[in-house]
Amino acid sequence: MKRYSAFAVAREAFRYHMGWERAWASPEPKKKYDAIIIGAGGHGLATAYYLGKNHGITNVAILEKGWLGGGNTGRNTTIIRSNYLQDPSAAMYEKSRSLYETLSQDLNYNIMFSPRGVMMLAQTQHEVRGYTRTAHANALQGVDTEFISPERVKELCPIMNIEGPRYPVLGALWQPRAGTARHDAVAWGLARACSAMGMDVIQKCEVTGIRQEGGKVSGVTTNRGDIACDKLGIVVAGHSGQLAEMAGFRLPIESVALQALVSEPIKPCMDVVVMANTVHGYMSQSDKGEMVIGGGADGFNNYTQRGSFHHIEETVRALCETFPVINRLKMLRQWGGIVDMTGDRSPILSKTPLGNCFINCGWGTGGFKATPGSGWGFAELMAKGQSPLCDEFSLDRFKEGRFIDESVAAGVAH
Amino acid sequence: MPDARSALDGASEAGFVKVEEMGLQGMITLRGDLAAEELQAAATAATGVDMPDRTGIRTARDGGNALAWMAPDELLVMVPYAEAEERLAQIQAALEGRHVLAVNVSDARALFRLSGGPQVREVVAKLCPVDMAPAAFGPGMFRRTRLAQVPAAFHMPDADSMVIVCFRSVAHYVYKLLCDAAATDSEVRYHV
Amino acid sequence: MSTRLAQGGRLLTRGRPVNFTFNGKRLTGHAGDTLASALLANDQLMVGRSFKYHRPRGIVASGAEEPNALVGMGEGDRFEPNQRTTTTELHEGLTCISQNHWPSLEFDVGAINAQLARFLPAGFYYKTFMEPRPFWKHIYEPFIRQSAGLGKPPKGADPDSYEHFYAFADVLVIGGGVAGLQAALAAGRAGARVLVMEQTPHWGGRAPVDGGTIEGKPAEQFVTDALEELTGMDNVTLRSRLMGAGVYDHGYVLGYEQVAEPRAGQAGPRHRLWRIRATRVITATGALERPLSFAGNDVPGVMLASAVRDYAVNYAVSVGDRTVVVTNNDDAYRTAITLKELGLEVPAILDARKGGGGPLAERARDLGIRVETGKGVAKVKGTRRVEAVAICNQAGEGAVLEEIKCDAVAMSGGWSPVVHLFSHCGGKLNWDADQALFRPDRDKGPTGADGDVFVLAAGAANGHLDLAGGLADAHRAGRDAAREAGFTAADATAPQAEAPEEMPLEPVWLMPQGAGVKLRMKAWLDYQNDVKVSDIQLAAREGYESVEHAKRYTTLGMATDQGKLSNINGLAILSDALGQPIPQTGTTTFRPPYTPISMAAIAGQARGETFQPVRRTPMHDWHAENGAYWEPVGQWRRPYCYLRDGEGVQDALNREITQTRESLGLLDASTLGKIVVKGPDAGRFMDMLYTNMMSTLKPGRCRYGLMCSENGFLMDDGVVARLDEDTFLCHTTTGGAENVHGHMEEWLQTEWWDWQVYTANVTEQYAQIGVAGPNSRKVLEKLTDDDVSAEALGFMGWKPITVAGIPARVFRISFAGELSFELAVPAGHGRTLWDKLMEAGAEHGVMPYGTEAMHVMRAEKGFIMIGDETDGTVIPQDLGLHWAISKKKDDYIGKRAQARSHMTDPDRWQLVGLETLDGSVLPDGAYATAPGTNANGQRNVQGRVTSTYHSPTLGRGIAMGLVKHGPDRMGEVLEFPKVDGTIVEAKIVEPVFYDKEGEKLNA
Amino acid sequence: MLMLTCPNCGVTGEESEFAPGGEAHLKRHGPGSSDEEFHAYLFAKENPRGVHFERWRHANGCGKWFHAARCTATLEVFGTYSAQTTEPPKDIKDKISAKRPGWSWREVE
């Protein structure tokens, strides 16, 4: 892999950029791999990356039915934060956030992690109490957050109306090292790094069956032939139910549409990410200048990647009220993705009833921020059969009533 | 007994249609088997109007008495406010021993009248996801739906006016929305 | 130069000058101008700078597809960035400024990027700016952000108003060109309810500019006749300035209407968002012309051939004195002919096709225009405006044959149907290789609720670019739509149209075909985002082979025009680079809206007071007038406390609590949910709903009950009163009324539908007032003749009484732990009763108290609060509420869930009281630490604070919390770190701090 | 934005008048059921990409629950019917079978 650098760009400029090599190879599938990951989204690629980097397993194929990063990786609102309440969540997301800090350097691909700070507004007394609790929990979890005053909120985000008539801002939970990253770049950078380690990223390869022998996985059937493997990781947000069915088990998951939108680009006017859960909306400004806005999820099962417009309305009116200047901005584009919601809205990173088959799913509305952490933990789980980051996120927890419920902190959206 | 007060004390505002809070209306929720003769008899006796069709309303000429179809097992019995308790007692007496529920809900709601012409339809069409074309909705129909962000119901006493029913606690919100929707220079001219 | 012609302009009203300013310059246009046409009439060719290289940008198009000519418009609170000049109607006093430059449009420091363009290819930022790491946040990113973005942010709150409108139609026709009008005629004549939407202020679309005849009459006459007939139909509505913004599932269409422009002094809402439901949608949205990719195709003065024609015919604007036309099809000849006939010079038509054109080419030659076939543009000379074009053989590598002086270039690379609306909701497209365009697949359109296709494309939007074919297609679409919506179409044929025959287009994706890299680096695909042919080729070379990868890597088509001009050209370049046919590469997904729509229009009326409903109790105004400091609870707003002059919140709390404990306080409890449950099976049902045994409750008595979800967690609590043998009245929490009522109905309707139970939510029927304190009985007795003595109305009893002349129910229940009565009266009497109680209680110093005083007082009593002690993860067993969980019942909702292993785990945290050793108030939400850390390095914890207050009654901090094995650890001291790391020590105690024997509330 | 017809009041309204309520035809498992059964009842939903039977409440309307048969991949609504049933009525099943050849109602356990 040729290293990327300003020097390399300058060098290439003189030959009109004709010398750049492919970012990732386009190989034909081999007959057998030590491990196969189904799904070349951020989580699948990160799993492969850490299988190689941390566990020395590089005979790996990542199978993607469409194009890599084409699912929720490329559809989310790119927020990265770890100010979660429950210990297992905080551990996972903080691990992930800390990996993001150096991911550009690790991958030699600028994923533009921007630790600009994330604030979650408290707009009712109930929320103040919820976020104060989170701040206490975070302090013991090693997550750097603080509860800040309305004045400080205004200072950090001058375009916010903190004295709105309906829900004045009473404070915010502030995580200064949270932020955003360029979502596509995360997938591309990981794919390039996996490819460089000799792994096969195989696009347009759809898994149609999971083969098993003696209660253990033996390989997959695809539109490009059968491929054998010792271990299998299923990492296919939005399609987890279908893959689980192929493997012969059912998941505590329902798939729904989640929407987002961006405005036209404007010059920088907002340097932080703001989440307002009482009114259901969150917003940040991308490096391109677009206001990136996250909407709500439909309440019914849906695989169309299209949501209902009334969720867009709800979100936009909330943000117009919170940020009056956006009234005269225009919505440029809206889109939807399919998210897997589990029974407690927390993810599943788990062994499955099928031996050597592992599943990573159920990230709901909040998967992007977990990308490297999820890959780190899931790779460990696949390699060793056990991982402290993943242990609490097992499939069994639903049966035992051992939920990881993040909504307790004042109805927090992810 | 001191006088009861309606939610907005009869507030009104005129735009391209007039919006007014109507004051107090006696209302009884009557749940039971709507096909049962006894129930029908009790409801019609209390109001002097016939049973409404599904999603319909029957209104007495004076306007104070009406029966509105709320659900397959629910009627809204409208009577003069001052007589609500007495009529309720009548209904309960008539249906003694039957499995029904009748409660006075006269104070639970607010009513608004829109008047001034067929353009009252357009005020509703700005707020409710309902086809307000004359061919789709007209007098005698009673539509329960969503008005902006709250549940509401409406009917047309005649071709030029509209009555809107909502919960009392959101009367102010609904009134403000109706006044905005009826503001001068905001006619849509789609239905008229 | 670009100038206004003395004559003509079919959309202008001459003699009505309109004054406006551009970058402070005073300019004048005519009524009927767009801002773009007025700028051009004033020779303002350059109107902005591009996104990345800050290249000079001029107007390219005449409609919604314009990528360049975006300006900041208006002033103060009405300032609005990124306004498209080509779709903005000029009005008197309009002010606008160009964008994305500093310090000025003419001299822009950012233009240095253009000099460095070679170093800034697609995706360069993914390869750079990584070292040293902190520089990204502090140096690189701020710099990139500052140079990106387009317009300036708006400044204040928008003073204008916006609204929504719901409309329904059998057939919705989007597009008011001749195809749309013909489709509307066909559907309207069949009797369907038709709505026709046109985004511009004008009907007829391109046809009046492009010429041709319909039924032997000029196209313009057809438009006039069609409008007359349609206007005469009661079942048809025509709306201009209403854009079809998006098509969604089940026939839902979003329309965006420009209603009034308050900046221009017009009254009314500024925008209206139409939410339309249509049985069938016809997209007669026309087609957009494609640019040609040659070096320098972004220089101001290079324009779409159709736009040059539009400006000349519609607005009497000549974009240049000498216009070179470059094309791969016959249509662009119309531009040359039009210009020539207006007396303007057309030095040459460069037709990339070897064989050249048909009758239109003949006509051009007849007019004396030089026509060169097989030729193209090697390069455009000039930076801020066109000075000349260098011509070359299309088949070559760009060797310059000749330079032609000119000040405008009219280009045409063919046309692409506007398939956006057809595609928004899943409609599939086919590649039409003959015409080199994507067109809708009739059989694979978006499907509706019934599974049938509900969008039909018509006319040019369906790939029928010729007048006759387009009209015939629209006629068919109108009839089909009406028939599919249940109407019988009259037997009529499509009008006959005639227009000059056209020779087929030859696809030209790069000009010249063999252009070298230096030319390709100057051949723009996406003008706004500065994506060039070389960028797409680079993406393909680096493996970004999927069209979505290439788009995202280069940002092609992601600018505010969403690739209306660039997508197909980019796709073709990508396909070529990958050596595969275009359909194999596929298209990107089209997303709503068609062109950007204002956020304010989406919000509609929901702003300020009507942003969200505020639920008000009958005493709301009294609270507001008496210093209420509000707390939102659900949609209600309740007084948190009542602030008197100069008082802080804690002062007010202390005062309210002390007064209530010592004498008399009033609480507006109207927001509590009240649900009647009645029927022969009501008792049985209540036993399933509540963990307690409710069926044994006696009429006249009340019982506190707990309600769990089927998943076992505590969801609500409240006092249940038995009204009579088969009627219960259930009180719920403030936020819980609708949920609980829904929960009851859900179980009754979907599980136990054979049980005879009816419910009614009567929350709003009653105003409810808590009268609490040692003097509460005295004040109540002043207002009633009924017996409310301890003997006649004991604790947890209720009875009907008349109070202040008002029929009421009085409940002897208490949350504050004092002697207390809750009075429920019809809401219409609530305020009266409140006033009477205030009056009668004056001698006892009566005061209202708010929610926080209530919370403190209940905590002093050790009563739990839903939402404080519970958070959705807590079961009643955690809270020491075993007494409220019936052991005799086989079942209740949540019982099975509570038997799961984790729910019965003895290590679950349990409710206790907590007292700080120093008397301070424990921090809200603090956790009690345990030794060591867990496997993830997090500090171990063994409990947490759920409620914590200063108790004025006890003069110290009190708290409740959940602690591992808590009830077995009375007297033990726990450590609670504050967020700053300092530690507060607290002792585990019983959770009841006040009146442990309950003497007060039993009084 | 779906359109649904409430079979209880006959009103056809847009999705915002209704509230979704998850998978239909679940058998309640109460005290005495196994952990597996209870888990299946509460959490292990079908979540098919295709034909789905689900519950809706006409919340901003007559307030009644009903069932809908809907395709989650195309959003086609095959029909709505009474909530007081333990399996879809025959006409709905027939309609789905006609439109989705090969489809069959789940095995009764």
Side-chain angles (χ1 to χ4, degrees), chain A residues 4 6 9-10 13 16-17 20 22-24 67 70 87 91 104-105 109-110 114-115 124-125 129 132-133 135-137 139-141 166-167 184-185 264-269 287-289 306 309 313 316-317 320-321 324-335 388 400-402 405 408, chain C residues 80-82 118-119 121 124-130 133 137 141 144-146 148-154 157-158 248 517 538 541-543 546 548-549 552 560 591-593 596-600 602-603 606 611-612 631-632 871-873 900-903 924-927 935-936 938-939 979:
Chain A
Y4 289 162
V9 171
Y16 303 101
H17 302 282
W20 292 111
R22 292 183 64 96
W24 51 81
W67 39 282
D87 283 351
S104 293
Q105 289 72 29
Y109 199 102
N110 191 353
S114 170
T124 65
Q125 282 82 356
R129 306 188 59 220
T132 312
R133 176 179 165 192
H136 278 101
L140 300 172
Q141 292 155 342
R166 186 65 175 86
Y167 295 110
D184 292 324
E264 296 183 329
I266 49 171
K267 291 293 176 192
C269 65
D287 287 346
K288 278 184 71 187
R306 296 187 301 268
F309 191 74
E313 265 178 46
V316 167
R317 70 178 175 237
C320 283
E321 196 67 10
V325 301
I326 73 161
N327 274 285
R328 284 182 103 92
L329 284 186
K330 295 188 245 7
M331 174 172 83
L332 175 60
R333 181 172 70 244
Q334 63 163 110
W335 67 93
E400 296 161 8
R402 190 171 41 79
D405 191 342
V408 305
Chain C
E80 189 164 24
N82 305 335
R118 194 168 174 183
F119 298 95
F124 74 96
Y125 31 77
Y126 298 124
K127 296 170 178 158
T128 53
F129 301 134
M130 285 177 276
R133 189 159 68 84
K137 182 183 179 195
E141 189 185 36
I144 287 175
R145 289 186 68 195
Q146 200 57 51
L150 275 177
K152 292 178 186 156
D158 187 340
Y248 300 82
V517 67
L538 173 63
R541 216 154 48 237
E542 292 193 279
S546 140
E548 280 290 344
H549 283 162
R552 288 154 181 257
T560 68
R591 307 277 185 201
I597 63 177
S598 69
M599 298 285 187
I602 299 171
F611 163 55
Q612 278 186 6
E631 170 174 17
D871 63 1
T873 69
R900 289 173 296 188
S901 61
H902 186 65
M903 301 289 193
D924 213 339
Y927 280 76
N936 289 312
Q938 299 168 315
R939 186 67 196 267
V979 281

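Each chain gets a letter, A, B and so on, in the order its sequence line appears, and its residues count up from 1. Note that these values count all heavy atoms, side chains included, but never hydrogens, waters or copies made by symmetry. Only a predicted model underlies this, so the values are computations on that prediction, with no experimental measurement involved.
You'll find the side chain of P154(C) reaches within 4.5 Å of the side chain of L329(A), heavy atoms only. With contacts defined as side-chain heavy-atom distances shorter than 4.5 Å, the pair Q125(A)/E631(C) qualifies. Contact annotation: the side chain of P632(C) approaches that of T124(A) to within less than 4.5 Å [non-hydrogen atoms, C-beta and beyond]. At least one side-chain heavy atom of K330(A) sits less than 4.5 Å from a side-chain heavy atom of E80(C). Side-chain contact between M599(C) and M331(A): present, with at least one pair of heavy atoms (C-beta onward) separated by less than 4.5 Å. Between H17(A) and V517(C), every side-chain heavy-atom pair lies at or beyond the 4.5 Å cut-off.
Of the N and O atoms on the side chains of E264(A) and T560(C), not one donor lies less than 3.5 Å from an acceptor on the other residue.
When each of S901(C), P153(C), P81(C), A606(C) is scored by its heavy-atom pairs under 4.5 Å with chain A, the top score falls to P153(C). Contact tally against chain A (heavy-atom pairs below 4.5 Å) for R133(C), R145(C), R900(C): the top residue is R145(C). Taking I602(C), I144(C), L538(C) one by one and counting their heavy-atom pairs under 4.5 Å with chain A, the maximum is reached by I602(C). Ranked by heavy-atom pairs shorter than 4.5 Å toward chain A, the options M903(C), K152(C), R541(C), R939(C) are led by R541(C).
The backbone N or O of P265(A) lies less than 3.5 Å from a partner atom in the side chain of N82(C), making a donor-acceptor pair. Formation of a donor-acceptor pair under 3.5 Å by the N936(C) side chain with backbone atoms of P388(A) is found in this model. Distance alone, capped at 3.5 Å, places no donor-acceptor pair between the R333(A) side chain and the R591(C) backbone. Under the 3.5 Å distance criterion, the side-chain polar atoms of E141(C) are left unmatched by any main-chain donor or acceptor of S114(A). Panel note: side chain K267(A), backbone G151(C); no donor-acceptor pair is recorded below 3.5 Å. Within the 3.5 Å criterion, the main-chain N or O of T128(C) finds a donor-acceptor partner in the side chain of N110(A). Panel note: side chain Q938(C), backbone D87(A); a donor-acceptor pair is recorded below 3.5 Å. Formation of a donor-acceptor pair under 3.5 Å by the H549(C) side chain with backbone atoms of D184(A) is not found in this model.
Atoms CD and NE2, from E400(A) and H902(C) in turn, are 9.0 Å apart once rounded to the nearest 0.5 Å. From L150(C), atom CG reaches atom NZ of K288(A) across 9.0 Å, with rounding to the nearest 0.5 Å. For the atom pair S104(A) OG and F129(C) CZ, the distance stands at 12.5 Å (nearest 0.5 Å).
Geometric assessment of R306(A) against the ring of Y248(C) yields a negative cation-pi assignment under the 6.0 Å and 45° thresholds.
For E321(A), the part sitting under 4.5 Å from any heavy atom of chain C is the side chain, from C-beta outward, and nothing else. For D287(A), the parts lying near chain C are the backbone and the side chain together; criterion is any non-hydrogen pair under 4.5 Å.
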Yes or no on side-chain contact (heavy atoms from CB on, under 4.5 Å) for Y109(A) and K127(C), after CA distance, side-chain angles and deciding distance? CA-CA 6 Å; Y109(A) 199 102; K127(C) 296 170 178 158; 6.0 Å; no

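Qualifying ring pair (Phe, Tyr, Trp, His ring centres under 6.0 Å) partners for W335(A), counting only residues two or more places apart in sequence or in other chains: none.
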